[in-house]
Amino acid sequence: MIQPVEIERAFDSLRLQPTSVQALLQPVLIRAMQDPPLLQGLRANTFERHFIVLAQLILDLRNDPFREQFPASGAFLHLTVGEDLEQPAEAYEYVRTLASPLRERVEGSLFHAIHRAALRSTGGPINLLSLARFLRIALSDLPFIAHVLSGGEVEDFLPTDKDLSPEAAWRVDQRIEPTSHQNAALSPQLARFLGAAVEVLTVVPTSSGSHVFLAIGTVLEISPTHLILQSLGSLGRAGEEPLLVSLANVIAVHKLSGAAA
Amino acid sequence: MNPDFWIISSGPVALPGRALNREAIRRLELAHDAGWNCDKLAELYDDLKTQIERLSPGWRATRIICSDGSHGFVGELRPVLVIMTDRSIYTGLLGRTPADGLLYTTGFSLSPSGAVAFPPPNPSAPGTTRVR
């Protein structure tokens, strides 16, 4: 099993990379730290080597090289014969447990790793099962990877003062909860939803296309950019926590009650 | 047309993640003021940041655990948000050592679950601001 100091070394190596590469791989590194099966599957002093192979596979996504059909189990294992690769059968079985479309993405990158011997010339065997686990972490966030690889801007994490409208800044300074009357930027049409029980129909883009969600609850807050719903629940999620909904993704809001704050 | 049924907009449009994060942090502040504990605050922010990530492809916050039970969220490259076990909330930087970051990448330890945890945050590090 690897030691924590190996991950510290991986952070140090990552700091030497271009900013875009750091932005791409730092989240993967952090999430890998929290994956005990991945960490336990690696022998001591092999973490960084596998991370480098993963990094190259991610950067290769720019060229979209993964068009080949993933072979059947026997053919897959034959490809690994004589190669410096460990646990190919286990890797194959693991990949088959993943849900589509993540499975196809991991399959493609794993197949690419086997074909590109140069990727693996980093001084020792590569454990395919651990590489598959690494790929699952990395490729489950494909929208971010695709965004960065296509030259998209990596947004600042923390808000700045200019992110606050004058009304919102005043509201935060005064610690006053918003109402439709205090926020002059809010149209009367939007203000009428405050405090009302509503159905909210939203479209959320995902890596596999857009999904439509329906949420029902009480509008705790509404602004020209977002609303916060005390949700009674929506498809696939419990309704205990307030739901932050961007109005950019809202298709329609259906008022269920006439109550207004 | 049903007067209670208003078409507001259609189609997904990416919004600046950091502006939405302003609202998420404000909700975190309100939950803090309402007395929520450290774990519940972290779950709330985790839920809100996940929603922001879906709306803004270029905005990311990766959750981490610290060996003292504090929760952290690492943003693009260096900015971080930390919820300490005493419920205090800080923003700061990811550094290499305690001298240069609220969170830092030396002194990792294995947690009982087998995951690797960050060391306890250092709220005295330069660039650190207390939110609550």
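Below, chains carry the letters A, B, ... as their sequence lines are ordered, and counting in each starts from 1.
The CG atom of B:Leu94 lies 6.5 Å from the CD1 atom of A:Ile30; values are rounded to the nearest 0.5 Å. For the atom pair CG of B:Asn21 and CD of A:Glu155, the computed distance is 10.0 Å after rounding to the nearest 0.5 Å. From B:Gln51, atom CD reaches atom OG1 of A:Thr202 across 9.5 Å, with rounding to the nearest 0.5 Å. Note that the CZ atom of A:Phe157 and the CG atom of B:Leu81 stand 5.0 Å from one another [nearest 0.5 Å]. Taken to the nearest 0.5 Å, the CD atom of A:Glu8 stands 10.5 Å off from the OH atom of B:Tyr104. A distance of 9.0 Å separates CG in B:Asp47 from CG in A:Leu244, rounded to the nearest 0.5 Å.
Neither the backbone nor the side chain of A:Ile145 has a heavy atom closer than 4.5 Å to any heavy atom of chain B. A:Thr19 touches chain B through backbone and side chain together, each having a heavy atom under 4.5 Å away. For a residue to count as touching a neighbouring chain, one of its non-hydrogen atoms must lie under 4.5 Å from one of that chain's; by this rule A:Leu39 touches chain B with the side chain only. Heavy atoms of A:Glu153 lying under 4.5 Å from chain B belong exclusively to its backbone. Looking at A:Phe144, the atoms closer than 4.5 Å to chain B (heavy atoms on both sides) sit in the backbone and in the side chain alike. Neither the backbone nor the side chain of A:Arg9 comes within contact range of chain B; no heavy atoms are under 4.5 Å apart. For A:Gln34, the parts sitting under 4.5 Å from any heavy atom of chain B are the backbone and the side chain alike.
Among all heavy-atom pairs drawn from A:Pro36 and B:Ala115, the shortest one is CG-N, 3.7 Å. The shortest heavy-atom contact between A:Pro27 and B:Thr62 is CB-OG1, 3.4 Å. Nearest heavy-atom pair, A:His147 versus B:Pro57, reported as atom, atom and distance to 0.1 Å: ND1-CB, 3.8 Å. Taking every heavy atom of both residues into account, A:Arg15 and B:Arg96 meet most closely at NH2-CA, 3.6 Å.
Contact annotation: the side chain of A:Glu221 approaches that of B:Arg27 to within less than 4.5 Å [non-hydrogen atoms, C-beta and beyond]. Looking at B:Ile25 and A:Pro159, their side chains come closer than 4.5 Å, going by heavy atoms from C-beta outward.
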Could you walk me through whether B:Arg60 and A:Gln26 pass the side chain to side chain contact (heavy atoms under 4.5 Å, CB included) test, one step at a time?
-> CA-CA 11 Å; B:Arg60 279 295 175 277; A:Gln26 183 175 278; over 6 Å; no
Quick one: do A:Leu158 and B:Val80 satisfy side chain to side chain contact (heavy atoms under 4.5 Å, CB included)? Show the steps, please.
-> CA-CA 8 Å; A:Leu158 294 173; B:Val80 299; over 6 Å; no
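Using a 4.5 Å heavy-atom cut-off against chain A, the contacting residues of residues 106-113 of chain B are B:Thr106, B:Gly107, B:Phe108, B:Ser109, B:Leu110, B:Ser113.
Listed options A:Asp12, A:Val148, A:Ile2 were ranked by heavy-atom pairs under 4.5 angstrom with chain B; first place goes to A:Asp12. For the set A:Val5, A:Asp35, A:Ile228, the entry with the most heavy-atom pairs within less than 4.5 Å of chain B is A:Ile228.
A donor-acceptor pair is defined here as one N or O able to donate and one able to accept, closer than 3.5 Å; no such pair exists between the side chain of B:Glu76 and the backbone of A:Val154. Under a 3.5 Å cut-off, the side chain of A:Asn249 and the backbone N or O of B:Leu55 do not form any donor-acceptor pair.
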